[in-house]
Amino acid sequence: MRTVKLPGGEEVPILGLGTWMMGEVEPQFELEVAAVCYAMERGIQLIDTAEMYANGGAEKVVGTAIKRSSSVKREDIFIISKVLPSNAHFQGVIQSCDHSIDRLGVTFIDLYLLHWPGLVPLQETLDAFEVLRSSGKIRYFGVSNFDVRNMVKWLKCKGGGASVANQILYNLSRRGVEWDVIPLCNDYSFPVIAYSPLEQGRLHGSLVLSQLAEKHGTTSLQIALAWVLSQKNVITIPKAVNLQHIDQNIGALKITLDAEDNRLLDLSFPPPSGPSPLEML
Ligand code: NAP
């Protein structure tokens with residue numbers, strides 16, 4: 001598995017597993033746990049979740065899978081979770097993190113993010129992140145859905161420079177962040193964590209993706225994922241419960257898009273020619 005470096009030098013895999021929509025429905029629980037176990041056994045070592053997903057239900061799926069998986073040790077998995085902006089005041093962050101740790105059945109979270117900017121002063125959230133980090137409950141912290149204006153505000157706060165990532169919506173049909181957010185992340189050497197890399201499946205049906213899929217002997221969504229995986233300093237976290245999808249997503253790591261493929265993709269999904277508001281899902 002290829003890796004990217006966090007600002008401190010730790011290497012993190014570029015492909016992980018998302019969990020939004022997991023843990024929502026009781027009858028699906030076992031299937032979802034099995035999918036997370038399968039992904040980990042197939043070499044996925046980074047899992048993205050959040051207190052928001054199914055009100056903690058997705059964290060329970062992840063925790064159950066880690067506990068149940070015989071061949072995977074907790075230390076081998078890089079766990080990302082997120083605090084809701086409504087819980088982002090000092091005590092709220094501490095409490096939310098404790099609850100997430102309990103649901104995950106672990107003693108620490110690897111990377112803890114503010115899910116999106118809200119009304120709580122950023123310094124208060126950062127102060128809580130720093131307390132969590134010094135007590136060993138989280139190893140790193142960062143942000144999600146932060147545009148340049150919010151990133152600048154965050155980075156100006158005391159301790160903001162210790163952040164390691166910004167998780168944002170980024171895929172072929174959502175390239176606006178290439179104009180300003182990604183260059184700013186690069187200036188601080190933080191990886192971008194690209195969420196919804198398949199645009200939740202909506203990229204299926206694109207003509208150019210179908211043509212490239214035929215050329216490479218893959219599916220069109222594998223081409224879409226291979227494109228995200230080929231971007232520098234980007235980690236991505238497609239969500240999949242279907243085991244065939246998990247295999248396909250791992251298979252996308254082996255697809256190499258050439259200059260002509262990228263030219264065709266740029267024609268159908270042009271890079272930005274100016275700034276635009278940050279998109280979110
Ligand atoms: P996504 O990963 O773009 O798409 C997931 C959907 O695509 C699921 O329906 C999945 O189906 C399907 N799929 C997965 N692999 C496939 C494949 N190879 N071929 C065909 N279909 C495939 O969308 P997402 O879940 O919105 O984003 C990924 C993760 O990013 C989330 O789960 C979450 O962890 C994170 N996220 C973060 C934020 C944020 O605000 N920070 C927002 C959105 C998402 P099956 O499940 O049936 O396999």
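Bear in mind that the values here come from a model prediction, so they are computed numbers and not experimental data. As the structure lists them, so they are numbered: ligands from 1, and atoms in each ligand from 1. The chain is numbered in sequence order, starting from 1.
- For a threshold of 3.5 Å applied to N or O pairs, the pair formed by P238 and ligand 1 contains no separation below that value.
- Side-chain contact check for I193 versus L111: some heavy-atom pair is nearer than 4.5 Å.
- Scanning K239, M52, Q200 for the heavy atom closest to atom 2 (O) of ligand 1 points to K239.
- Of the candidates I80, N249, T19, I193, N249 brings a heavy atom nearest to atom 18 (N) of ligand 1.
- Side-chain atoms of Y188 and N166 form no donor-acceptor pair, as typed in the model, at a separation below 3.5 Å.
- Short contacts between ligand 1 and H115, defined as distances under 4.0 Å to a heavy atom of the residue, involve ligand atoms 39 (C), 40 (O), 41 (N).
- Every atom of ligand 1 is numbered from 1 in the order shown, and the set under 4.0 Å from a heavy atom of S144 is 39 (C), 41 (N).
- A pairwise comparison of heavy atoms in F108 and I101 identifies CA-CD1, 4.2 Å as the closest pair.
- When heavy-atom distances to ligand 1 are checked against a 4.0 Å cut-off, A50 has no atom that comes that close, whether in backbone or side chain.
- For the 3.5 Å distance criterion, the side chains of N242 and Q248 fail to qualify, holding no donor opposite an acceptor.
- In this structure, E32 and G23 approach most closely via the heavy-atom pair OE1-N, 2.7 Å.
- For atom 11 (O) of ligand 1, the nearest non-hydrogen atom of the protein is H245 ND1, 3.5 Å.
- Proximity of W116 to ligand 1 is not established, as no heavy-atom distance is less than 4.0 Å.
- The distance criterion of under 3.5 Å between nitrogen or oxygen atoms is not met by K82 with respect to ligand 1.
- Among all non-hydrogen protein atoms, the one lying nearest atom 43 (C) of ligand 1 is Y195 CD1, 3.1 Å.
- Close approach of ligand 1 to L221 is summarised as follows: ligand atoms under 4.0 Å from at least one heavy atom of the residue are 19 (N), 20 (C), 21 (N).
- Residue contacts with ligand 1: T49 is placed with no nitrogen or oxygen under 3.5 Å of a nitrogen or oxygen of the ligand (distance criterion only).
- Contact atoms of ligand 1 toward Y53: 33 (C), 34 (O), 35 (C), 36 (N), 37 (C), 38 (C) (distance under 4.0 Å to a heavy atom of the residue).
- No hydrogens or angles considered: nothing links the side chains of N171 and Y195 as a donor-acceptor pair under 3.5 Å.
- Closest protein heavy atom to atom 24 (P) of ligand 1: S196 OG, 3.6 Å.
- In this structure, T219 has no heavy atom closer than 4.0 Å to ligand 1.
- No side-chain donor from either of D76 and Q45 sits under 3.5 Å from a side-chain acceptor of the other.
- A pairwise comparison of heavy atoms in S69 and E41 identifies OG-OE2, 3.0 Å as the closest pair.
- Partners of D258 under the salt bridge (Lys or Arg N to Asp or Glu O under 4.0 Å) rule, at least two apart in sequence or in another chain, are K215.
- Looking only at heavy atoms of the protein, atom 35 (C) of ligand 1 is closest to D48 OD2, 3.5 Å.
- Minimum interatomic distance between V120 and P85 (heavy atoms only, all atoms of both residues): CG2-O, 3.8 Å.
- The two residues I94 and A128 make their nearest non-hydrogen contact at CD1-O, 4.0 Å.
- Distances shorter than 4.0 angstrom do not occur between any heavy atom of M280 and any atom of ligand 1.
- Residue, atom and distance of the protein heavy atom nearest to atom 31 (C) of ligand 1 are W20 CB, 3.5 Å.
- Nearest heavy atoms, V181 versus F146: CG1-O, 3.8 Å.
- Of the protein's heavy atoms, I237 O, 3.1 Å lies nearest to atom 28 (C) of ligand 1.
- Looking at atom 40 (O) of ligand 1, its nearest protein heavy atom turns out to be N145 ND2, 2.8 Å.
- Checking each of E59, K239, K82, E24 against Y53 for a side-chain hydrogen bond (donor to acceptor under 3.5 Å, both in side chains) leaves exactly one that passes, namely K82.
- Where the criterion is an N or O separation shorter than 3.5 Å, residue side chain and backbone included, L198 meets it with respect to ligand 1.
- The side chain to side chain contact (heavy atoms under 4.5 Å, CB included) test with I235 is passed by exactly one of I80, V4, L15: V4.
- Against a heavy-atom cut-off of under 4.0 Å, Q248 is close to the following atoms of ligand 1: 17 (C), 18 (N), 19 (N).
- Counting the atoms of ligand 1 from 1 in the order shown, those under 4.0 Å from a heavy atom of Q167 are 35 (C), 36 (N), 37 (C), 38 (C), 39 (C), 41 (N).
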